[in-house]
Amino acid sequence: MSSDARRANTPHYWLMKSEPETFSIDDLKRRRREPWDGVRNYQARNFMRDDMRPGDRVFFYHSNCALPGIVGIAEVATDAYPDPSQFDPHSPYFDPGSTREQPRWMLVEVKFVKKLRRTISLDELKRHDALTGMPLLRKGNRLSVMPVGAAEWNYILQLE
DNA sequence: GCCAACGTTGGC
DNA sequence: GCCAACGTTGGC
């Protein structure tokens, strides 16, 4: 995504995966706002660091569970800043190769917007020809943070 | 629990 | 810079 696109001040749309056993949409609802820590993939980091802005909308996706799919909507609440967990030796996300002077990993905070009335499952998403171009549905995709096109965002919203 | 797909690491 | 080995993700 270009910085020119950002200057146009158009909202951007994202999808962020979380394992519900670790952090679910209900957890986000309860806590209202949460630092999205633990992302340790450079492409996902770059999306958060370079392209996300406060106000962008996010599909909250449950992965690695009985019914993987989109379960809610969140909103980017901050610009990116260094993920504190990378400096914490007791954190599972500790990165001994990162320094406070040159932090390797960034996060944004996200806030709860709403839960969908139902889960729009991965299986259901795959059945819509209009969505086959989504990064989420690309074979072998493992990104935990990825962009969603405006057309796809609106299409999925009306599936609910 | 299995395993395909992918990213990272490190020897050379 | 190559690439084999290894680790992780995440659907099934």
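Note on naming: letters A, B, ... go to the chains in the order of the sequence lines (proteins, then strands), and numbering restarts at 1 for each one.
- Summarising the geometry, the separation between CG on A/Leu67 and C1' on C/dG10 is reported as 14 Å, rounded to the nearest angstrom.
- For C/dT8, its base sits under 3.5 Å from the side chain of A/Arg142 at one donor and acceptor pair at least.
- In this structure, CZ of A/Arg40 is placed 11 Å from P of C/dT9, rounded to the nearest angstrom.
- Phosphate contact (OP1/OP2 of C/dT9, side-chain N/O of A/Lys17, threshold under 4.0 Å): absent.
- Rounded to whole Å, the distance from CZ on A/Arg45 to C1' on B/dT8 is 14 Å.
- Remark: C1' of C/dT9 and CE of A/Met16 are 16 Å apart, rounded to the nearest angstrom.
- Heavy-atom distances to DNA chain B give each of A/Asn64 and A/Gly140 a nearest nucleotide, and the one nearer the 5′ end belongs to A/Asn64.
- Distance A/Asn41 CG to C/dT9 P: 9 Å, rounded to the nearest Å.
- Side chains of A/Thr132 and A/Arg127: no donor on one and acceptor on the other come within 3.5 Å.
- Taking 4.0 Å as the cut-off between side-chain N and carboxylate O, A/Glu75 and A/Lys114 do not count as a salt-bridged pair.
- One atom, CG of A/Leu136, and another, P of B/dC6, lie 14 Å apart when rounded to the nearest Å.
- For A/Tyr93, no side-chain nitrogen or oxygen approaches OP1 or OP2 of C/dT8 to under 4.0 Å.
- A/Asp83 and A/Ser85 share a side-chain donor-acceptor pair at under 3.5 Å.
- Atom OH in A/Tyr42 sits roughly 13 Å away from atom P in B/dG7 (whole-Å rounding).
- If you look at A/Trp14 and A/Phe59, their ring centroids are not closer than 6.0 Å.
- Taking atom CE on A/Met146 and atom P on C/dT9, their separation rounds to 13 Å, with Å as the unit.
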